[in-house]
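Positions are given from 1, in the same order as the sequence printed here.
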Amino acid sequence: MSEESSGPQPHRAGPRRRRRKPAARRRGLAVAGWTAAGVVLLGGAGLGWFWFKLNGNLHTVDIDQALGSDRPQDIDNGSMDILVLGSDSRGGANSAYGRDDGGAARSDTAMIVHLYEGHKKASVVSIPRDTMVNRPPCTLANGKTDRGRQREQFNEAFSIGGAACVVKTVEKMSGIRMDHYIEVDFTGFKGIIDTLGGVEVTTTKPIKDADSHLDLPAGTNHLNGEQALGLVRTRKSVGDGSDLGRIQLQQAFIKALIKQVKGIGIFDNPKRLMGLADTGTKSLTTDKALGDVKSLLGFAQSLQGIDAQNMQMITLPVGADPYDDNRVAPLAKESKMVFDALLAEQPIPAEATAASAGDKSKAAEIVR
């Protein structure tokens, strides 16, 4: 097997000061993960006895302990990078979406969310699940170490070594240290949308997809949780039928979701607010630093200034994998441009995505 890299090599910035840590420091989908953790939970303060209940809902993973010092430098420039994953386990309640896999999970949705200094703007980089990457060695659940592979599909990292392995994989391919990790699953995503009262989207043409159980007419549609999940899982009936088209649907839905959260007056409805906080915290797995409501609230408050028009959303620049027509591979030069821009606190340049297969799908034109 070739020892050459199929993707961009790690890029490390020059020495800088360490980033200040917060004061108190799992297809379902990631599109709701960081929104739920942020905007949704802003009302957590002052709920009194409910606070303890919310803390008990949260699941955490200690990324820092698992990865140790083998990580990119922690840069102190006021920015923040969050890896958001969507889990596609078919175990338990999620078995309604496919064959029960006994709870084995894969990360079918992955997004690097970069918050620029001041947290008024953000860039989101979606990583296609079938991207062939060089996976580093990862610790397995039994404590043994898997030696890694030169060519492996990106979402295998989560199946093999869980959250810490996928974080390590992302950090090695980007050269960017992930400050936080947020994971949400199928049922959690549905619950968040239903508790919000649904999300309104406009489709320019009908969408009918047997695999995702979605049947929407053209026009304005008010989606409940089941329909919203169907939309972000739809692939074969939109764009070029690939996962790249589905990513564009997910990105369009994120913007609709953010507008919805900002427009429904969550904080004027205590019952909805409490239900949303309860559902959101039950749905999330976070890194240990966000593993209590106080820390999650502080993180949420840092997201208040970001709305849809201040978010730049792209797919990692990829092209056809030279060894497998059913997979994609990162475009080394263009991917480096993306990660260099984030490290330098700059917008992602248009030329970084111009040649990317992910930029050619027309799925984004279907949802407004």
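- A side-chain donor-acceptor contact under 3.5 Å links N55 to the backbone of V293.
- Looking at R246, its side chain does come within 3.5 Å of a backbone N or O of R233 through a donor-acceptor pair.
- The closest donor-acceptor contact from the side chain of Q227 to the backbone of N224 lies under 3.5 Å.
- Between K255 and M313 there is a side-chain heavy-atom pair separated by less than 4.5 Å.
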| message | Checking K190 against E226 for the salt bridge (charged side-chain N to carboxylate O under 4.0 Å, His left out) test, could you report, in this order, the C-alpha distance in whole Å, the side-chain angles of both residues, the deciding distance, and whether it holds? | response | CA-CA 6 Å; K190 284 180 18 178; E226 187 77 35; 2.9 Å; yes
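- Between the side chain of T202 and the backbone N or O of T220 there is no donor-acceptor pair closer than 3.5 Å.
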| task | Tell me, with the steps shown, if T315 and Q251 meet side-chain contact (heavy atoms from CB on, under 4.5 Å). | result | CA-CA 9 Å; T315 302; Q251 293 173 346; 3.9 Å; yes
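- Considering only heavy atoms from C-beta on, D130 comes within 4.5 Å of V328 through its side chain.
- Tracing side-chain contacts under 4.5 Å through hydrophobic residues (I, L, V, M, F, W, Y), one never reaches L85 starting from I247; they form parts of separate clusters.
- Checked by atom type and distance alone, the side chain of N221 never pairs as donor or acceptor with a backbone atom of L223 at under 3.5 Å.
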| From CA spacing to verdict: side-chain contact (heavy atoms from CB on, under 4.5 Å), F299, I82 | CA-CA 11 Å; F299 172 67; I82 308 102; 4.0 Å; yes
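- No donor-acceptor pair under 3.5 Å is formed between the side chain of E334 and the backbone N or O of S356.
- In this structure, the side chains of R71 and V167 come closer than 4.5 Å at one or more pairs of heavy atoms.
- Residues D287 and M178 form no side-chain contact, since every pair of their non-hydrogen atoms from C-beta on lies 4.5 Å or further apart.
- Side-chain atoms of S295 never come within 3.5 Å of backbone atoms of G291 as a donor-acceptor pair (strictly under, hydrogens ignored).
- Using a cut-off of 4.0 Å between Lys/Arg side-chain N and Asp/Glu carboxylate O, D146 and R135 are scored as salt-bridged.
- In this structure a side-chain-to-backbone donor-acceptor pair under 3.5 Å is present from D194 to G225.
- I258 and L115 end up in the same hydrophobic cluster when Ile, Leu, Val, Met, Phe, Trp and Tyr side chains are linked at under 4.5 Å.
- The pair K168-D70 meets the salt-bridge criterion, with a side-chain N (NZ, NE, NH1 or NH2) lying under 4.0 Å from an Asp/Glu carboxylate O.
- Using modelled atom types, one side-chain atom of Q312 and one backbone atom of I348 make a donor-acceptor pair closer than 3.5 Å.
- In this structure, the side chains of L316 and F154 stay at 4.5 Å or more apart for every pair of heavy atoms.
- Judged by distance alone, with hydrogens and angles left aside, the side-chain atoms of D179 form a donor-acceptor pair with the main-chain N or O of D81 at under 3.5 Å.
- Y181 and T285 share no donor-acceptor pair across their side chains, judged by distance under 3.5 Å alone.
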